[in-house]
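As structure tokens, the structure follows; a few thoughts come after it.
As the structure is a prediction and not an experimental result, all values here were calculated from the model. The chain is numbered in sequence order, starting from 1. All values below come from the heavy atoms of this structure, side chains included, with hydrogens, waters and symmetry mates left out.
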Amino acid sequence: MHKEAEDDYAHFSNLLQEFTSIPNIDKAWFFSSPGLHLQGMFAVSQPDLLTNTRRTSIMSCNILKEMDSSVKFLWAPFPIEISGVSMIVPSPSGSKLLVIRNSENEAPCCFQIWSASRMEKEFHIPQSLHGSVYNDGWFEGVSWNINETCIAYVAEGPSPAKPTFNGLGGYKIGGCADKDSGYWKCQGDWEEDWGETYAGKRQPALFVIDINSGEVQEVKGIDKSLSIGQVVWAPFSEGSEQYLVFVGWSSKPRKLGMKYCSNRPCALYAVRLRALHHESKSNKTVLQSTEEFHALNLTQTISSAFFPRFSPDGKFLVFLSARSAVDSRVHNATNSLHRIDWPTNGKPFQSSKIYDIIPVVMCAEDGCFPGLYCTTIHSNPWLSDNCTVIISSIWHSSEVLLSVNVLSGEIVHISPADPNFSWNLLTLDGNNIVAISSSPVDVAQIKYGKAIEKETNNTTWSWSNISCPIFRCSDKVRSMLSSLQSSILRISVKDAHDGQTKGATKPFEAIFVSSKTNSKIEVDPLIVILHGGPQDVSLSYFSKYLAFLSTVGYSLLIVNYRGSLGFGEEALQSLPGNVGSQDVNDVLSAIDHVINLGLAGPSKITVMGISHGGFLTTQLIGQAPDKFVAAAAINPVCNLAMMIGTTDIPDWCYVEACGTTARNCFTEPPSADDLTLLYNKSPLSHVSKVKAPTLFLLGAHDVRVPIYDGLQYARALKEKGVDVKIIMFQNDVHALKRPQSDLESFLNIGVWFNKYFSPMDDEHQATEQEYAFHSDLLHQFTAIPSVDKAWLFNSHTGLASQAMFCVSQPNLLTNKRKKSIVSASLLRQSDATVAFHWAPFPIELTGVSAMVPSPSASKLLIVRNPESEGPCRFEIWSSSQLEKEFHVPQSKHGSVYIDGWFEGISWNLNETCIAYVAEEPAPAKPTFNDLGGYQKGSSSDKDGGTWKAQGEWEEEWGETYAGKRQPALFVIDITSGEVQAVKGIDKSLSVGQVVWAPAVEGSVQYLVFVGWSFETRKLGIKYCYNRPCALYAVKAPYHESKANETETDSTEDVQAVNLTQTISSAFFPRFSPDGKFLVFVSARSSVDSGAHSATDSLHRIDWPKDMKLYQSSKIHEVIPVVLFAEDGSFPGLYCSNILSDPWLSDGHTLVIASVWHSNQVLLSINVLSGEILRITPANSNFSWSLLTLDGNNILAVSSSPVDVPQIKYGAIVKNTTNDKEWSWSDVSNPILKCSDKVLSSISSLTSSIMKISVKDASESLTKGASQPYEAIFVSSQTKKSDACDPLIVVLHGGPHSVLLSRFSRPLAYLSSVGYSLLIVNYRGSIGFGEEALQSLPGKVGSQDVNDVLTAIDHVIDLGLASPSKIAVLGGSHGGFLTTHLIGQAPEKFVAAAARNPVCNLALMVGTTDIPDWCYVETYGTKGRDKFTEAPSAADLTLFYSKSPISHLSKAKTPTLFLLGAQDLRVPISTGLQYARALREKGVPTKVIVFPNDVHGIERPQSDFESYLNIAIWFNKYCK
């Protein structure tokens, strides 16, 4: 951090902490006592920055009423902190106090009943009864009955039962205890929640606890589709029936986001409780709800009813309604107040008449009541006349107190008329009021109000200040606030016209805060502040954070544009359909207004906003690019066309973009026209004009405006070269309200603005038996181990070698892969055969991240990456013991990369040093002490008195690399343990695949590595070979021997040399054994075309003898890119890895594995002549993978779809013509054994590879694109005479990938339970030549779909499949094809399953880590150059038309969706959008979300559960 910025941080953070430390009063209660005094309790909260929570305490007081009618508050000397308390609810008489403590985990919920002197009762309610009690202010409802024996409340329903499995994968009938460590529970069906802030919360349900016995009952008779809230007890008289009244929200057809959204239909219900008996001895009243009486809907004639309140005499029920919001679909609007007269016999009726008390006010004359805007009603809001309620309501830019007579409808404004102050009701003291008042420049003050009768019989209210210790702030804050002033400005509408309603043409308001000493000659810089919503309002009350900004030298213009609450319904409803224009114009008018008044300078204006305020912020810097010096956006809406598929409130996007006419056209899948309109209404459509430096503050868990919106826009700005900073709050939601996040947000806003001018200067469940059968069988397949790596160590005798096999196996109970080492001795017999003698047992590797033998095999490196922030451990083993152990701290580097791509660990030749790739050390982040003060320098991670801010967000390499820091290059000296970062490497390079260059005595030692460069952002690299990369050489840290010590001195004088400047891709560097040449693979065809994977080429550089490296080194082509191969000829190189030592003894022949059509084969390649030999058997349905070399012999694994893997040993033999051939023998081994049940199942199966002719071949196609493609067909050998087995069509992702003819445990499982498999390698798959591969980009959704349909017709025509029993299964692009097929060929499939499917490219392009993929696959190779972070409306339209969602209206196939919640490649929003749209159509749909899985869904439990559910799903519809 620059010193100037650091000074700003230090100064601002100290000042900001002064403001944040000012407490808030959350609630207050008054308790009557005999005589003239009362007791009061105030719940006070204050942010605790160190723990990042809000600390709550109780401040008590005595209220003395003097003879002169004055009131005196006598405060307790200190507040008392309440820890772990979720709610406090006094009983009606004030004699009891309920304290609720929700558990943070699965522990019981605790209810405590307190009297005046002690705790009387404590009850622990287990999770089996219900979860946490709702205390969210909306569903929240806790209500005592009148005789204080029972409490009704709203809590999460108990956890639904989920399928349970034992550690062996066996299904357990009947479930298990939560604490039973021998079992694990699968995810079960994914369930909708109520969106933002409700993620992970279960359905709210209604319960009653008897506080004498502690018995808890769930209230019966309530429809399960209702979410319950705001419960109150109905009036009760002896002998009558007891009712509960509550609010119910229906979840049909789905739950849309509830937070901040009052437009969700809801009603008041009454449910009857029956008093069974009363036990006088124990004073126990037993209440039980009755199922024979279902809950009655009391408000059927109105679309919204909430906040029910009974009058003290029980004669009527008053409630609020947001019917104007519900009926217009606007998320918030003008409220109305209503009354129901409660029947005197206590029996409510559905036909009860509803009386309007306060109607919806459309347009009010100046000074008149503008309508009701009420966010809550006090639990006891009544004055003593039983018909007057006191409420807080918004009145233009202020919040005021109103008295409302619920019989006459009379409304009286009872708080002072000064609009610069806002008022908030705390509690009532009989006919007196306790409230809080504040203004933007006046800290909150407790006020006590009394009604005064005038001679005219009118009532006025007298307000006195209450001296209290709660809102005390520092002298510094008071001094700074005293120099400020605020006023409310009325802004005339510029664009008024005859077509507008009267309310839409009336002036709107803005709050202006400035210094009292502001000179018109030299005005302070202006921050324009914009609220979210847009149907919300910024009130004229004290905001700590805005006060902070105004005290550091800024004027504030807080604009309540038309559409804000508090100005009447006509003004509010004028905005929907006009967002991005009317609201933008209003803000610009307000800015011009203060400029014309001389209150702001046109060259010193910044803008900030959250949510829709962020929408406006990004609209303004695009539509008025010369107006703003800088901007800050908190979770901004930037692209409605993308947000509609990711948000919890997609209906909001329709209404705000299209107007209230959109309320009837909301549908889950938007049309192409919808997307175009949404895009045109979005800030992204103006991004090309933006030049204002912009700060983005994003909550990673924001469900309302997911981070993709802000990131897409920010990346587009970076792409343009605009100055951008992103701060990501990893644990925050939409509002960024966690204390550290709040402080850090406004601290960074202050510093950011300061940088640019210095102001200071209904489906059925599968049966348990079916689960049990399938889970047992699937486990037998998943239990088959895999051989991940192997090493051979030659002995000195020449007759034996030692082998080590790294074996992995899924451990379902721990949800990890268990790794072990199996050792063997290889004895060479006199007849040239080789015998393997295996160790009796494998040895489990615990905590081992990597194992790397030294070149001589005399040493073994073991790397153990930490699971937390501990050191990385390096162990050096000899043949008998641990020789050395080094702990490398996080200050040096993070975890060593073991990902198979950046991964590189290399011993030098004399085995004294190891080069490796690890995460660079964590960047320094701003550190604050527990008071919020910025701490210069740094602090220890273990320093409990400080906390670290987020710092600037940094791009990562996408899928599977979330949270991983930049890969960097290090060298460790294993003699001293000294670790050095290798110098001379540009910081923009991500480093990987390091190897030591040949060493010559006396010459410089080099390291060769692969470097991936990035400029504005890192695009996803997993599975993507189209990222440009090059080979670099850099001087290794210098080593020379002195007195038997090794000194290390890294050099910075020579920068790394790019060895492959003339080619766009180079990786997998391998030096020949004699050091004469360097061989590498290139994915240049992928980089140059933009396809994520394509045909590789192999190259050679002759290594200079003098070790002098040149960037102009000649690159020799060993294997070129093969465009098209004749039948049987080499189709091209498709290589996913090369052994660290792939060489035969001649020093110029290497052995590699490569894809050849639908097989993987082994090849020997002469890197001098380019000769390529296929050394594994030809004409085989088997695929081969290379394990290791044993001199000139090969150790490999071979398998087919119906044959489990088998270790093979290959040796060269000479035939009669003296040519070399390869002989392959089976190696008997204990590793790849499987159960008799599996062997029996697969022994009845057969597989073949079919060639499928292209149907749509035309002259315009290349020769390669018109050649047959392939499909692997797996079926039972014992074909039934009467019918074919059901067929599962299996489709790979990519699309430039391939499904090989090798053993797949889950696919073998599916075929063993009675399915034939058709595994289609459509054109575009790798392994068939470059022309065939490149024929697909630009034709996705058509060519690939037609290829699959042709393959299906092929097996039907052969009589191998029945056209009425076909299912389809695919993941990623295979899921894209799956959802395309059920839309384009809806009659073809009886069931489908999609794993992380691509369903909507128009949505995916803004959310994925590989947006370029969307362009290339949609446009073809020209998409590489068209790619931009800000797609146009035309782009989105084409993306949509290429997507499965464009065919959704025809889909009717029951579909199972399996989604990884952490998937960055195809984020779950695209699958959820499609699944919800299917449900909306009534198509049977099931969704399973794996909370901790990424794109591959490869965690053992998740993989197991995926295929188990696929089998159950297909069984339901296919058999």
Side-chain angles (χ1 to χ4, degrees), residues 781-793 801-810 817-826 833-839 842 851 900 1134-1142 1144 1150-1164 1174-1212 1222-1235 1238-1239 1242 1247 1249 1272 1298-1308 1327 1498:
F781 280 91
T782 59
I784 301 170
S786 301
V787 178
D788 299 335
K789 286 185 180 180
W791 301 270
L792 279 170
F793 308 96
S801 298
Q802 301 297 320
M804 284 169 51
F805 293 79
C806 183
V807 179
S808 65
Q809 190 175 16
R817 293 193 70 84
K818 193 181 287 282
K819 292 194 174 185
S820 58
I821 291 292
V822 180
S823 300
S825 296
L826 284 68
T833 61
V834 176
F836 279 66
H837 294 268
W838 296 90
M851 294 175 58
Y1134 303 90
C1135 179
S1136 60
N1137 196 13
I1138 299 180
L1139 289 180
S1140 58
D1141 183 10
L1144 298 183
L1150 55 78
V1151 178
I1152 60 174
S1154 180
V1155 176
W1156 189 307
H1157 296 175
S1158 296
N1159 301 98
Q1160 185 164 270
V1161 303
L1162 302 185
L1163 304 174
S1164 72
R1174 177 173 176 171
I1175 61 177
T1176 44
N1179 304 317
S1180 166
N1181 290 333
F1182 284 74
S1183 282
W1184 295 67
S1185 60
L1186 181 61
L1187 283 178
T1188 189
L1189 300 186
D1190 176 22
N1192 280 338
N1193 303 319
I1194 298 174
L1195 205 60
V1197 173
S1198 172
S1199 69
S1200 84
V1202 298
D1203 296 274
V1204 295
Q1206 171 65 49
I1207 297 177
K1208 299 280 189 174
Y1209 191 84
I1212 299 174
W1222 286 81
S1223 170
W1224 295 95
S1225 57
D1226 290 342
V1227 175
S1228 177
N1229 72 89
I1231 299 174
L1232 300 171
K1233 288 183 177 176
C1234 54
S1235 69
V1238 167
L1239 287 176
I1242 62 177
S1247 69
I1249 298 176
I1272 304 164
V1298 69
L1299 281 170
L1300 294 169
S1301 61
R1302 63 183 174 197
F1303 189 75
S1304 161
R1305 292 156 182 79
L1307 295 186
E1498 292 171 345

Measure the [atom1]-[atom2] distance between [X] and [Y] for me, rounded to the nearest 0.5 Å.
| X | Y | atom1 | atom2 | answer |
| --- | --- | --- | --- | --- |
| Ile1231 | Gln1206 | CD1 | CD | 10.5 Å |
| Ser1158 | Ile1249 | OG | CD1 | 5.0 Å |
| Ile1138 | Asp1141 | CD1 | CG | 12.0 Å |
| Phe805 | Leu1187 | CZ | CG | 6.5 Å |
| Ser1198 | Gln1160 | OG | CD | 11.0 Å |
| Ile1242 | Cys1234 | CD1 | SG | 5.5 Å |

So, does [X] use its side chain to make a donor-acceptor pair with the main chain of [Y] at under 3.5 Å?
| X | Y | result |
| --- | --- | --- |
| Ser1301 | Asn1181 | yes |
| Thr1176 | Leu1162 | yes |
| Asn1192 | Ile1212 | no |
| Trp1184 | Asn1159 | no |
| Ser1199 | Pro1205 | no |
| Trp1222 | Arg1174 | no |

With a 4.5 Å heavy-atom cut-off, do [X] and [Y] have their side chains touching?
| X | Y | result |
| --- | --- | --- |
| Ile1207 | Leu1195 | yes |
| Ile821 | Cys806 | yes |
| Lys1208 | Asp1226 | yes |

Check: For Val1197 and Phe1303, what are the C-alpha separation, side-chain angles and deciding distance, and is it a side-chain contact (heavy atoms from CB on, under 4.5 Å)?
Finding: CA-CA 11 Å; Val1197 173; Phe1303 189 75; over 6 Å; no

Margin query: Between Asn1229 and Val822, does the side-chain contact (heavy atoms from CB on, under 4.5 Å) criterion hold? Intermediate values first, please.
Written below: CA-CA 10 Å; Asn1229 72 89; Val822 180; over 6 Å; no

Next item on the list: Evaluate the criterion side-chain contact (heavy atoms from CB on, under 4.5 Å) for residue pair Val1298 and Tyr1134; output intermediate values, then yes/no.
Entry: CA-CA 10 Å; Val1298 69; Tyr1134 303 90; over 6 Å; no

Next item on the list: Flag yes if more than 12 heavy atoms outside Lys819 fall under 6.0 Å of its NZ atom; otherwise flag no.
Entry: no

Could you report the tightest heavy-atom contact between [X] and [Y], atom names first, then the distance?
| X | Y | value |
| --- | --- | --- |
| Pro1201 | Ser1247 | CD-OG, 3.8 Å |
| Trp1224 | Ala1196 | CZ3-CB, 4.3 Å |
| Leu1139 | Thr1188 | CD1-CA, 3.8 Å |

Checklist line | Steps toward side-chain contact (heavy atoms from CB on, under 4.5 Å) verdict (Ile1152, Leu1186) | finding: CA-CA 7 Å; Ile1152 60 174; Leu1186 181 61; 5.6 Å; no

